[in-house]
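Working notes, beginning with the structure itself.
Order of the sequence lines fixes the chain letters, A, B, ..., with proteins taken first and strands second; residue numbering starts at 1 for each chain.
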Number of protein chains: 4
Amino acid sequence: MFIEIDMKSDVPIYEQLKQSVILGIAQKQLAPGEELPSVRQLAADLSVNMHTVAKAYTHLKDKGFLSIHRNRGAVVNDYRDFAADKEYLAALTHALRAFAAEALCRGVKAGEWLGVCNDAYEELSKKRRM
Amino acid sequence: MFIEIDMKSDVPIYEQLKQSVILGIAQKQLAPGEELPSVRQLAADLSVNMHTVAKAYTHLKDKGFLSIHRNRGAVVNDYRDFAADKEYLAALTHALRAFAAEALCRGVKAGEWLGVCNDAYEELSKKRRM
Amino acid sequence: MFIEIDMKSDVPIYEQLKQSVILGIAQKQLAPGEELPSVRQLAADLSVNMHTVAKAYTHLKDKGFLSIHRNRGAVVNDYRDFAADKEYLAALTHALRAFAAEALCRGVKAGEWLGVCNDAYEELSKKRRM
Amino acid sequence: MFIEIDMKSDVPIYEQLKQSVILGIAQKQLAPGEELPSVRQLAADLSVNMHTVAKAYTHLKDKGFLSIHRNRGAVVNDYRDFAADKEYLAALTHALRAFAAEALCRGVKAGEWLGVCNDAYEELSKKRRM
DNA sequence: GTGGTCTAGACCACC
DNA sequence: GTGGTCTAGACCACA
């Protein structure tokens with residue numbers, strides 16, 4: 001499994017799990033209709049608590065990324081099910097403002113800022129095509 | 001005072017305070033050498049506990065944004081004191097990657113992504129010049 | 001527990017705690033991966049407040065000596081995580097200068113000074129090998 | 001006057017003053033019998049409070065570095081008045097142990113450690129001969 | 001007056 | 001169970 005957890009991080013494990021799955025979808029390592037490992041399976045693989053994995057899956061379901069079927073477990077949704085809406089874009093802008101503010105404080109110029117933003121996106125985008 | 005706190009938010013009060021101060025510096029509402037309200041004063045204004053404000057100030061001191069003088073309270077540092085270093089840029093890129101991943105998942109195109117990033121930066125930058 | 005606190009000292013309790021832990025690591029009484037007592041436990045053992053211990057642990061985390069896991073408590077980091085960098089050496093030199101100045105004033109000769117410095121280091125180093 | 005104060009430092013101003021005077025004596029910029037500026041004078045020069053300067057002078061008197069005469073103000077004592085005694089050496093060793101512990105943790109080798117210690121001493125010693 | 005430290009006790013998130 | 005956050009009130013050092 002491609003998911004790695006940093007137990008030292010101050011980011012909660014279930015958040016790291018969520019991000020890993022989203023990363024997987026972004027890079028098309030996880031395609032719509034694909035099944036994720038069962039809660040038990042993934043928890044065992046990563047040596048974390050079952051509840052932690054379940055929590056991540058539930059959150060992802062609520063966000064529209066996954067569907068949870070009784071028999072097949074967690075399945076990646078169609079892209080259109082979690083397309084960007086206004087609400088999401090507003091939240092994104094707000095979150096980015098905090099980062100932009102610190103960058104501005106630290107003397108990061110506009111070009112540099114956009115460069116970093118672009119790198120973050122392109123790095124994923126490239127892997128996607130592969 | 002320009003600082004506002006959302007008590008309902010799940011982001012800690014002291015984090016909101018830190019971001020507010022950084023935002024203030026980014027927009028030059030807070031200039032180097034300028035004194036911030038005393039911990040007691042700000043705590044009273046916002047109806048939060050002294051220690052919560054003190055924690056925010058201490059973190060900002062550790063990050064290099066403020067100096068804490070024994071008798072003058074917290075003072076904004078010179079810009080060069082908290083210039084971007086490699087470590088910061090690495091952390092920034094890493095943080096942005098998580099946002100970019102979700103954006104990519106949700107079908108946000110490269111141009112759109114850069115637009116949002118640019119807006120976040122320019123919005124602050126404009127206020128700065130005023 | 002090997003940590004002892006002098007309540008009469010004018011150096012803050014949390015600083016004494018930090019030094020004790022660093023001393024423990026230096027002498028390899030605390031090895032990488034080893035768990036420290038929980039904040040509640042240690043606080044009870046030393047009859048100090050939980051928050052005081054927590055402050056010490058947090059500072060040590062920030063310095064890179066410890067990691068704080070959400071469910072295992074504080075764990076000693078790998079040595080390479082807190083290797084000496086330029087910044088540290090500069091701070092060390094500056095701190096030692098103050099001591100050297102007083103020693104020089106008081107007629108301590110160069111050999112004597114180096115002897116004391118060497119003793120301080122070797123004393124720890126010896127215990128380490130045992 | 002050669003004394004400089006860093007208002008941003010977390011070292012109390014009176015401690016910085018004490019260290020500056022000791023540094024001056026160590027480097028023989030201040031010789032036995034020499035008069036220091038009056039409390040008023042020095043306080044004005046440095047833009048600090050008179051009480052702060054007075055406190056520094058009093059501490060230095062207690063340590064044996066200065067005598068305070070009614071008419072001549074603060075005067076540097078003869079060297080033998082503040083020669084190293086056992087008590088001082090014990091305190092010095094103890095203080096150095098804390099620094100050595102952190103250095104050891106951070107992978108500083110014995111030679112490196114002695115090098116830094118030697119530098120701190122020699123730097124002052126050189127200025128002294130000039 | 002300022003911030004720094006310590007204590008005490010509460011609630012919450014995470015696991 | 002763990003640590004993280006917040007509140008509350010005390011005392012002290014510094015200036």
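Taking a pair as Watson-Crick or G-U wobble with both distances under 3.5 Å, the runs of three or more consecutive pairs in DNA chain F are E:1-14 with F:1-14.
Residues B:N49 and B:R70 both approach DNA chain F. Their nearest nucleotides, taken by heavy-atom distance, put B:N49 toward the 5′ side. Position along DNA chain F of the nearest nucleotide to B:M50 versus C:Y57 favours C:Y57 as the more 5'-ward residue. Toward the 5′ end of DNA chain E lies the nearest nucleotide of B:Q41, the other residue of the pair A:I13 and B:Q41 mapping further downstream. Along DNA chain E, the nucleotide nearest to C:R40 and the one nearest to B:H51 differ in position, and the one closer to the 5' end is contacted by B:H51.
The two residues B:Q16 and B:V11 come nearest to each other via the heavy atoms NE2-O, 2.9 Å. Summarising the geometry of C:P32 relative to C:N77, their closest heavy-atom pair is CB-O, 3.5 Å, with the distance given to 0.1 Å.
Close approach of DNA chain E to chain A, defined as any atom under 4.0 Å from a non-hydrogen atom of the protein, starts and stops at E:dC14 to E:dC15.
Using bins of under 30°, 30° to 60° and over 60° for the plane-to-plane angle, the ring pair C:Y14/C:H59 lands in the perpendicular bin. Taking the six-membered ring for Trp and thresholds of 30 and 60 degrees, B:F65 and B:F82 have ring planes inclined between 30 and 60 degrees apart.
Taking side-chain N and O atoms only, D:K55 has no distance below 4.0 Å to OP1 or OP2 of F:dA15. Neither OP1 nor OP2 of F:dA15 sits under 4.0 Å from any side-chain N or O of D:Y14.
Between C:H51 and C:N49, the side chains place a donor N or O and an acceptor N or O closer than 3.5 Å (distance only, hydrogens not considered).
Residue C:R72 is classed as having no contact, given no heavy-atom separation below 4.0 Å to the nucleic acid.
C:R70 contributes a side-chain N or O that, together with a main-chain N or O of A:S9, makes up a donor-acceptor pair within less than 3.5 Å.
When the shell of 6.0 Å around NE2 of D:H69 is examined, it contains more than 12 heavy atoms from other residues, nucleotides or ligands.
Using a 4.5 Å heavy-atom cutoff, the side chains of A:E34 and A:Q29 are not in contact.
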